Every structure is written in structure tokens, then in C-alpha cells.
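Both ligands and their constituent atoms are indexed starting at 1 by order of listing. As the structure is a prediction and not an experimental result, all values here were calculated from the model.
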Amino acid sequence: MTERGEFTHTEILSQSEAWADALSVVEKNRSVLKSVLDAEYAQVLFTGCGSTYYLSQAAAALFQEMTGKLARAVPGGELLLNPEVFVGRDSSPTYKTLLVAISRSGSTTETVRAVEQFKKQNRGPVVAITNYGEEPLAKLADVPLVIEKGQEESVAQTRSFAAMYVAATAMSMLAAGNETLRGEMQKLPDAGSKLIARYEPLAREFGESTELERFYFLGSGARYGLACEANLKMKEMTLSHSEPFHFLEFRHGPMSMVTESALVVGLLSEKNRSHEQTVLNEMQAMGGKILSLAESDARVTFESGIPESVRNVLYLPALQLMAFYRSMAKGLNPDRPNNLTAVVKLDL
Ligand code: F1P
């Protein structure tokens, strides 16, 4: 019999092994992946549901930033029910879409059905990023990237999400042809383990602080999707009100919610640090509590030395742990979040 929260805690603490597995899976599939990525496409679509939709948002932004190719994210259910909004009418051989379908389970109904429909309409090739190779999604994909070490018992995605995100980052790097970053990405698992060991106490302190009632996660560019995921972890594991925003957007209304019981979490970038830090400073002046995460000079500091484009996974562990400890402090079970199942199966 496992203790309350034992799966989630173990999975968060062990995730850097799954990051390493993700890097080796992409390496093993390098040539087949490269041949798909190097072809010409009208666009690249990333799709998933829940956490893996937010992963798709983060991955699409990073892919476009690194390659200059048009990429966007779409929820699996939207691609299934409203494909015309996301894929053009033209089905000529030159107008092809590359679809990257992301799913921990590989069996979420909307994602699987959307991929089946995409293939039936002969829209283009499909790359799958998943943790279970025997499930429908991996079997449907032209290039299945299966990260088995990301498998987990807990309903809330932590280790699985981070590992799939590392695979998506490595795929973007491959598509960008930036070979110098391969060696840099190999440093991620060790940087992740060190970060977890160093910041678990701080994450616990924030997670257990009883005066906090609401959480706002700010992230811009390739970090916005990760802010959305951190927001979902806080909802799923702790039943707390939380919301994600782009940094500058927060001023346009939502900041009215900032009081002493609000925590504003900033996933600070290097390239726009000053603009983003200013937002955090203003919220602190309004009485909000602040938690900043960045490569340097922040409450959670990575000090990884890894280039900004391939280190975004480092924002995740401390925020996963904060949600975990808040859940435990509230007497909840993060392994089995309220109302949720590990996979959503529908009779569509
Ligand atoms: C998608 C998902 C999760 C969510 C919950 C239910 O699963 O919506 O994002 O947290 O576990 O399933 P998957 O397609 O990534 O397996």
C-alpha cells in the first residue's frame, strides 16, 4: 500500500532519468526524424490534451523560434472537431502539414481520433511523442518517439511531461540543424537533479504557506506553455484557483486580483528579463508575493550554463514540487486528483 502522494513525489524526484531517456530516444531516431523534419511543410501542428496541449503550446513556440518555420498548437479535440480551422483546404502534394501528436498514455480519445482523421485525409506525416509504445498513438505515427522512463502511476503528469518536453526540445534542435546544442542538452539531466536537490526545501516552504490562496503563473514566448502547465498542476493537485498569463498581459486587468494572498510566479527569460522583472516588481509593490525562476539572480536560480533555447525544462521541477507540497499540506492526494482519471476515453 503506497503512502498518500508517494507516486507523485517519487516521480518528480526521479525525472532527470526520464530526461536522459528522452535524449537517447531522439538520438536513436535521429536519421528517420531528420528526413521527416527536413521536408517542406506549409505548417507544423502540435497537438495534445490537457497537460499535453500545454506541452504542444510550449513545443510549437520553441520549434518556430528555433527553426523559423510556422508552427502552432491545437487541442486534440479541436483538431478532431474543427480541422478546417487548423488545416487548409488545399490537399495538393505541396501543401502538407507535419503533425506532432503528444500524449503520455497514447490512448486519449481526442488525440488518437484526430490523428486517425489527419492520416485519412492524407494531410502529411505524423510524429508521436509518448510514453507507451503499445498504445494506439505510437502505432499510428510515422515516427513514434516512445520515452518509457517517463511512464508514471500518478494521474497528474510530472516526470512524463518533462521527459516529453525534453524530446520536443531535442526535436526542435534537430530541425534547426544546430548540432552545437546536442552536447549542451546532455547537461540537462544533471542540472535537473542538482536543481531538485537544491530547491525542494524552498518549494516545500511555498507549497506549505497557508496565507497563499491564488496563483498566477507568468511566462512569455516559449515559456508561456510551461506557465500553463504549472497552472494546471496547481489546479489538479491542490484544487486552488490559478491562472497563466503572458507577462505584459497581466497588467491588462488580471493584476487587479493581486493581494497578499496571491503568489505571482515569473518564468523569467534572459532575452526579455528587464520587462518581465518590472512586472514582478510592480506586483510585489501591490502587496503580492513573488516567486521568480531564471538562469541567474532569481529565487530559483538554474545556473546551468546551458543555452536559453534548450533549457526551459528547468522551470518545471520546483513548480511541480510546490504543487505537490501544497496538495499534501491540504490533506489531498496528488496521486489521485479530484474528479480526474489518468486517461480520458470518450465515445465520440
Ligand atoms: C491527457 C490528460 C492529461 C490530464 C489528465 C487526463 O493525457 O488530459 O493531460 O492531466 O491526466 O489526461 P495524455 O493524452 O497526455 O495521456
Side-chain angles (χ1 to χ4, degrees), residues 5 7-8 11-12 15 18 21-22 25 45-60 73-81 99-118 126-141 144-168 171 217 225-240 242 244 313 316 319-320 323-324 327 332-348:
F7 284 131
T8 304
E11 287 154 6
I12 294 173
Q15 66 182 289
D21 187 30
V25 166
L45 274 188
F46 290 75
T47 195
C49 297
S51 286
T52 38
Y53 167 55
Y54 299 136
L55 204 170
S56 298
Q57 284 182 297
V74 51
E78 285 302 299
L79 184 57
L80 175 64
L81 300 180
L99 179 63
V100 182
I102 308 175
S103 171
R104 169 179 65 179
S105 62
S107 57
T108 293
T109 303
E110 301 103 300
T111 306
V112 172
R113 292 286 303 281
V115 171
E116 286 169 345
Q117 177 179 266
F118 183 89
V126 178
V127 173
I129 301 179
T130 183
N131 302 116
Y132 295 88
E134 295 313 306
E135 293 298 323
L137 182 64
K139 298 187 186 307
L140 280 166
L145 302 177
V146 182
I147 305 138
E148 292 185 349
K149 289 268 180 66
Q151 294 178 2
E152 55 199 357
E153 294 300 323
S154 178
V155 169
Q157 295 194 16
T158 53
R159 173 170 74 190
S160 61
F161 182 98
M164 290 190 283
Y165 179 73
V166 167
M171 187 188 77
F217 296 92
L226 301 181
C228 292
E229 167 60 7
N231 142 69
L232 183 62
K233 286 295 86 72
M234 194 51 83
K235 282 190 174 73
E236 286 181 335
M237 290 197 206
T238 80
L239 310 184
S240 306
S242 69
V313 68
L316 293 171
L319 300 181
Q320 293 167 343
F324 166 75
S327 177
L332 300 169
N333 183 1
D335 293 348
R336 298 282 172 267
N338 203 27
N339 301 335
L340 291 188
T341 56
V343 190
V344 173
K345 295 278 181 75
L346 304 171
D347 182 13
L348 283 180

Can a non-hydrogen atom of Thr111 be found less than 4.0 Å from any atom of ligand 1? no
Provide the closest heavy-atom pair for Glu153 versus Glu11 in the form atom of the first, atom of the second, distance. N-OE2, 2.7 Å
What I want to find out is whether Lys139 reaches Glu135 closely enough, with some N-O distance under 4.0 Å, to be called a salt bridge. no
Residue portion contacting ligand 1 (non-hydrogen atoms closer than 4.0 Å) for Ile102: neither
Backbone or side-chain N or O of Ser103 under 3.5 Å from ligand 1 N or O: yes
Give the atom numbers and elements of ligand 1 that come within less than 4.0 Å of a heavy atom of Val155. 11 (O)
Run the numbers for me: atoms of ligand 1, each under 4.0 Å from some heavy atom of Arg104, listed by number. 11 (O), 13 (P), 15 (O), 16 (O)
Element-labelled atoms of ligand 1 that are located less than 4.0 Å from some non-hydrogen atom of Cys49: 1 (C), 2 (C), 8 (O), 9 (O)
Can you tell me which residue and heavy atom of the protein come closest to atom 6 (C) of ligand 1, and the distance to 0.1 Å? Thr341 O, 3.4 Å
Drop me the distance from Leu239's CG to Asn338's CG, to the nearest 0.5 angstrom. 5.0 Å
With side-chain contact (heavy atoms from CB on, under 4.5 Å) as the test, would you mind laying out the steps for Val115 and Leu137 before giving the verdict? CA-CA 8 Å; Val115 171; Leu137 182 64; 3.8 Å; yes
Salt bridge (Lys or Arg N to Asp or Glu O under 4.0 Å) for Arg113 and Glu110? Distances and angles first, verdict last. CA-CA 5 Å; Arg113 292 286 303 281; Glu110 301 103 300; over 6 Å; no
Looking only at protein heavy atoms, identify the closest one to atom 9 (O) of ligand 1 and say how far it is in Å. Ser51 N, 2.8 Å
for atom 14 (O) of ligand 1, nearest protein heavy atom and its distance come out as Thr108 OG1, 2.5 Å
Taking all heavy atoms of Thr130 and all of Ser103, pick out the closest pair and write down the distance. OG1-O, 2.6 Å
Should you measure from each heavy atom of Gly50, which atoms of ligand 1 turn up under 4.0 Å away? 8 (O), 9 (O)
Pair Ser242-Lys233, side chain to side chain donor-acceptor pair (under 3.5 Å): steps then yes or no: CA-CA 9 Å; Ser242 69; Lys233 286 295 86 72; over 6 Å; no
the protein heavy atom lying closest to atom 12 (O) of ligand 1 turns out to be Ala342 O, 3.4 Å
So which atom in Phe217 and which in Ala230 form the shortest heavy-atom distance, rounded to 0.1 Å? CD2-CB, 3.7 Å
Identify, for atom 3 (C) of ligand 1, the protein heavy atom at the shortest distance, and state residue, atom and that distance. Gln157 NE2, 3.6 Å
I'd like to check which ligand 1 atoms, numbered from 1 as shown, lie under 4.0 Å from a non-hydrogen atom of Glu236. 4 (C), 10 (O)
Pair Gln15, Gln320 - check side chain to side chain donor-acceptor pair (under 3.5 Å), show working. CA-CA 11 Å; Gln15 66 182 289; Gln320 293 167 343; 2.7 Å; yes
